[in-house]
Amino acid sequence: MSCRARPWRHAWLVAIACSALLGSCTQAPDNHELTFWTIGREGEAIVKLLPAFELAHPDVHVRVQQLPLTAAHQKLLTAFAGDSTPDLSQLGNTWLPELAALHALEPLQARVDRSRVIQPRDYFASIWATNVIDGTLYGVPWYVDTRLLFYRRDLLQAAGFDAPPRNWAEWRQQLAALSDPARHRYGILLPTNEYEQLMSLALQQDYGPHPGDGLLRDGGRYGNFESAGFRRALAFYVDTFRLRQAPAITNVEAGNPWTEFGRGVYAFYLSGPWNIGEFRARLPAAQQDDWATAPLPGPTGSGIGVAGGSSLVIFRRSRHKDAAWQLIEYLSQPAVQRQFYDLLGDMPPRRSSWEGGALHDDPKARAFRQQLEQVRPAPAVPEWERIANEMQLVAAEAIAGRLSIDQAAAEMDRRADAILAKRRWVLDHTHPDQLRGHTP
Amino acid sequence: MNPQRTAWLFLAPALLVLGVFFLLPVLAALLLSLTDYDLYALADIRNLRFVALGNYWELLQRPLFWSALGHTMYFVAVGVPLSLGASLGAAMLLNSPLARCKPFFRTALFAPVVTTVVATAVIWRYLFNTKYGMANYVLGLVGIHPVDWLGDPHWAMPTIIAFAVWKNFGYNMIIFLAGLQAIPPDLYEAARIDGASPWRQFRHITLPMLKPTMLMVGILTVSGYFQLFAEPYVMTEGGPLQSTVSVLYLMYDEGFKWWNLGSASAVAFLLFLIMFAVTVLMLKLSRRGEQA
Amino acid sequence: MNPRLARALVNGLLIGVAAVALFPLLWMLSVSFMAPGAASALPPPLLPRHASWNNYRELFVHAGMGRYLLNSLLVAGTITVLSLACNLLAGYAFAKLRFAGRERLFQALLGALVIPAQVAMLPLFLLLKYIGLVNSYAGVVVPALATVFGIFLVRQYARGIPDELLEAARIDGAGEWRIFAQIVLPLLKPIIVTLAIFTFLAAWNDFMWPLIVLTGQDHYTLPIGLASLAREHSQDSELMMAGSVVTVLPVLLLFLSLQRYYLEGLLLGSVKG
């Protein structure tokens with residue numbers, strides 16, 4: 001009997017061996033190979049900076065994986081849930097509290113203290129602060145990304161304006177003059193499925209005397225969307241669509257925003273500094289003088305910006321933390337940060353990086369330098385990404401005319417409160433020890 | 001060798017895989033749906049709470065769940081008859097003695113079934129682009145205003161329905177074709193001699209003879225269409241204004257975007273219960289129809 | 001009705017429907033050879049002005065499509081081979097081997113068909129995480145190794161094997177494994193081919209589960225890679241079409257060459273009771 005069964009036994013062993021082989025292909029990465037996840041366009045620029053790093057550190061090889069922005073948040077969480085996080089990653093600072101709450105990130109204070117390259121005092125204060133959660137430092141700022149106004153200088157001048165708007169009243173005026181929906185010309189492009197624009201406007205508001213109150217209140221336990229400040233921002237935002245100064249389209253339908261901006265379909269474009277590089281690359285040389293940048297106009301005067309940007313973080317499960325730290329130090333050198341700016345237009349978070357080179361002389365970058373001293377962060381709660389998404393979904397309903405401003409604000413609060421329910425329970429019921437967490 | 005033992009050895013690999021990688025997770029999903037497993041619990045299991053039917057209750061009160069269910073029902077209610085009608089029509093065309101080059105047509109009509117949903121959804125997304133899509137161009141030639149196919153909440157789901165019908169009608173067409181070919185031609189002979197028109201032949205011979213096939217195909221298609229996911233994921237990301245969010249899309253978002261695994265498992269089970277109820281209903285109705 | 005008119009009508013309709021069925025696929029092929037940005041023009045072009053392989057080059061050199069193609073081949077191939085083994089064994093056992101509770105067990109399996117696979121996906125992900133199979137080929141392959149549909153198909157077909165043949169062999173003293181290998185398998189050849197095609201197609205086109213379990217780019221199969229490119233390069237329609245061609249062409253060719261078996265298998269699983 002056993003001899004007859006043998007061929008089959010062999011077959012099963014082979015099958016099991018195959019499966020085991022496949023399983024092992026999850027790879028234990030080889031000794032000095034770093035996996036580095038980048039988000040959005042930064043990946044393409046990073047790839048150009050790496051050869052110099054690998055030359056200086058021949059025992060380290062960096063493998064970059066570029067995640068598209070729309071999928072990055074999900075991929076990071078899935079990687080955490082599936083125990084397949086990379087060694088280090090670019091991480092938007094609005095997502096930092098979330099990953100920190102999951103105990104996914106390695107605290108970096110000790111390494112910073114020992115470092116000669118990274119000097120916390122050289123960084124813009126509020127930017128550095130966004131990397132400190134509950135007193136622990138989890139990331140090193142890599143670039144700052146506050147929302148700016150890109151505008152067509154020639155179109156403004158043709159309409160009789162020789163300076164970009166300095167407050168909302170002027171902005172509304174300019175938008176009205178520059179919009180002509182019948183001829184498919186709009187004052188500004190505000191994709192209805194992106195929340196950063198509304199969030200920028202909202203962060204400029206005053207939210208009252210309670211410290212820590214902003215878009216959320218009570219220590220991040222409840223939504224604060226029904227406050228007067230937010231409703232003002234929401235009204236300004238929704239009115240822009242109602243007055244047909246912006247088309248109610250998503251970024252997918254908008255197609256190629258650079259060519260459309262170049263063609264004059266939009267006079268303003270609210271976006272981040274990486275687009276400085278993009279516009280330089282994609283618009284013809286003849287048009288380079290036609291566009292410029294300006295700080296975001298605030299309700300009554302020069303606006304506060306979003307303290308956005310990305311940090312570099314090391315994951316707790318990484319087996320190459322030292323090598324990853326070396327890469328972080330390399331990317332934090334002022335000279336390398338200036339190179340990065342040259343490649344992409346992303347602004348360095350260190351003051352010393354702003355001295356010298358193109359940044360210092362670039363008129364298009366100057367607008368930011370001022371604004372960077374006055375930036376405000378988004379609420380540092382793990383659920384922020386979800387709340388911001390819901391905020392935008394409700395805002396889109398208001399844009400479509402299905403909800404009034406007050407109804408929209410109430411709905412946003414309702415959804416935010418529901419999302420924050422678990423956070424309230426965790427904050428009120430858990431031992432402080434649990435929050436800091438020590439299990440790997 | 002003991003025949004019982006041999007049989008179990010034969011069954012072992014398949015049963016093991018099905019047991020561990022299907023049955024076990026299904027039971028676990030049931031358990032998960034009774035807790036509020038989420039990111040906090042993922043980080044620290046002490047943050048897990050047992051909420052019994054809390055997730056289900058919360059879902060039944062969430063407007064997005066009902067609209068997702070509505071969209072899915074809309075998709076099933078419109079898509080299934082369209083798909084079956086197209087399949088039957090195509091099968092009858094292929095079955096007609098007047099048709100030429102049957103193998104070629106059969107292959108051509110079946111080709112969309114074989115393709116990957118993701119790849120073809122991408123194609124359709126471009127064909128139905130508001131500005132540069134072929135669909136609006138052709139409409140423009142006959143003087144119809146361009147339609148915002150994937151950007152208008154009213155047109156997004158119909159576009160997805162059209163896509164699903166295009167993609168799947170070939171599959172059921174083959175099954176109907178076999179069913180049609182199984183109908184004895186003498187029945188049609190006799191009817192023709194009696195002077196029955198083609199339409200009456202269809203109503204009194206074809207349809208009744210195809211009934212069992214239709215029922216089976218109907219149930220399979222309905223249950224397949226309830227599981228709408230890939231098309232909204234690739235074509236519209238659930239938009240515009242969440243008008244193409246289906247129940248499974250909601251489950252995917254809850255579970256893999258926001259990691260509320262408890263809530264997502266509840267969505268999956270609710271979907272299962274609904275599908276089960278609809279299938280039983282269809283079977284009952286058909287049986288009653290047979291008795292009538 | 002005038003027979004000539006009838007024939008024209010029937011064939012005309014067939015041509016019409018075939019055109020609708022094939023047009024998107026032909027357009028996909030055409031656009032994949034166009035220059036970047038050429039498809040976003042009014043009126044939309046049907047044929048490329050200067051056909052070039054640029055998009056394909058871009059895909060394979062910069063976007064890593066070659067890797068995804070290999071992954072798809074590896075994963076689909078492995079699933080096909082291994083799941084054939086499992087399903088054949090189990091299907092034959094349900095058809096021809098006598099054991100207690102056979103019918104009851106089979107009914108239970110059929111009942112499992114009602115449960116949508118997505119219900120299992122979330123805990124399955126957690127399970128694979130604990131075993132350490134997330135983001136690996138095994139994570140995609142192992143859960144697909146046995147399907148109720150496959151077992152059902154094999155059982156249907158195996159029931160047609162005459163019992164006398166098997167009895168005779170048993171009387172001659174052959175063991176069950178020997179009977180399976182030397183008598184049953186050759187008789188099952190048609191269903192093996194059909195099931196292999198079915199399984200390969202399903203594995204190649206599978207989207208939701210690989211989307212969930214493959215977190216790193218290196219392991220992406222073609223549908224996942226294409227979906228990720230579609231989100232990232234939503235403006236580059238020509239590149240996307242080239243990606244679609246690469247994803248669709250292999251299975252289309254497989255189908256064209258083996259369509260007889262595929263269509264027969266379809267009918268086997270559906271029409272018979």
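So you know, we letter chains A, B, ... as the sequences are listed, proteins then strands, and number each from 1. Note that the structure is predicted; figures quoted are calculated from it, not measured.
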Under the 3.5 angstrom rule, does the side chain of N11(C) hit a backbone N or O of L98(B) as a donor-acceptor pair? yes
Interchain contact, V122(B) with chain C, by part (heavy-atom threshold 4.5 Å): both
Under a 3.5 Å distance rule, please check whether W177(C) uses its side chain to pair with a backbone N or O of T6(B) as donor and acceptor. no
Counting heavy-atom pairs under 4.5 Å with chain C, which one of W124(B), F276(B), F110(B) comes out on top? F110(B)
Given T107(B), which partner from the list L256(C), L252(C), L22(C) fulfils the side chain to side chain contact (heavy atoms under 4.5 Å, CB included) test? L256(C)
Structural part of I151(C) lying under 4.5 Å from a heavy atom of chain B: side chain
Counting only heavy atoms closer than 4.5 Å, note whether L128(C) contacts chain B via side chain, backbone, both or neither. side chain
Side chains of L211(C) and F256(B): closer than 4.5 Å at any heavy-atom pair? no
Among C101(B), A99(B), A111(B), single out the residue with the greatest number of heavy-atom pairs under 4.5 Å to chain C. A99(B)
Interchain contact, M134(B) with chain C, by part (heavy-atom threshold 4.5 Å): both
Sort out for me which of L127(B), L261(B), V26(B), L18(B) touches chain C most, counting heavy-atom pairs under 4.5 Å. L127(B)
Do Q4(B) side-chain atoms and A100(C) backbone N/O form a donor-acceptor pair below 3.5 Å? yes
Begin with the C-alpha distance, continue with both residues' side-chain angles, and end with the deciding distance and a verdict on side chain to side chain contact (heavy atoms under 4.5 Å, CB included) for W27(C) and I123(B). CA-CA 8 Å; W27(C) 187 81; I123(B) 303 173; 3.9 Å; yes
Given a strict heavy-atom distance threshold of 4.5 Å, which part of L15(B) is in contact with chain C: side chain, backbone, both, or neither? side chain
Heavy-atom pairs under 4.5 Å with chain C, option from L11(B), L30(B), V114(B) with the top count: V114(B)
Toward chain B, the part of L127(C) with a non-hydrogen atom under 4.5 Å: side chain
Looking only at K167(B), M275(B), R100(B), the option with the highest number of non-hydrogen pairs under 4.5 Å against chain C is R100(B)
Report which part of L32(B) has an atom under 4.5 Å of a heavy atom belonging to chain C: side chain, backbone, both, or neither. side chain
About how many Å separate CG of L249(C) and OG1 of T115(B), when rounded to the nearest 0.5 Å? 12.0 Å
Give me the atom names and distance for the closest heavy-atom approach of P112(B) to A21(C). CG-O, 3.7 Å
Any idea how F180(C) and F10(B) line up, ring-wise: parallel (<30°), tilted (30 to 60°), or perpendicular (>60°)? perpendicular
Quick check on P250(C) against chain B: is it the side chain, the backbone, both or neither that has a heavy atom closer than 4.5 Å? neither
Residue L88(C) versus chain B: region with a heavy atom under 4.5 Å: neither
Below 4.5 Å from any heavy atom of chain C, which atoms of S223(B) appear? Answer side chain, backbone, both or neither. neither
Classify the ring geometry between W259(B) and F125(C) as parallel (under 30°), tilted (30 to 60°) or perpendicular (over 60°). tilted
Go through the steps for M208(C) and Y233(B) under the test side chain to side chain contact (heavy atoms under 4.5 Å, CB included), then give the verdict. CA-CA 10 Å; M208(C) 197 169 179; Y233(B) 183 83; over 6 Å; no
Between F22(B) and chain C, with a heavy-atom cut-off of 4.5 Å, which part of the residue counts as in contact: side chain, backbone, both or neither? both
To check you understand the geometry: which heavy-atom pair defines the closest contact between A90(C) and A14(B), and what is its length? CB-CB, 3.6 Å
Region of V17(B) in contact with chain C, defined by heavy-atom distances below 4.5 Å: side chain
Side chain to side chain contact (heavy atoms under 4.5 Å, CB included) between L109(B) and L14(C), worked out: CA-CA 9 Å; L109(B) 295 181; L14(C) 271 177; 4.2 Å; yes
Side chain, backbone, both or neither: which part of V267(B) has a non-hydrogen atom closer than 4.5 Å to chain C? neither
If one checks every heavy atom of I15(C) against chain B at 4.5 Å, the contacting part turns out to be both
Would you mind checking which part of Q259(C) comes under 4.5 Å of any heavy atom in chain B, side chain (CB onward), backbone (N, CA, C, O), both or neither? side chain
Student check: side-chain heavy atoms of P24(C) and T120(B) closer than 4.5 Å: no
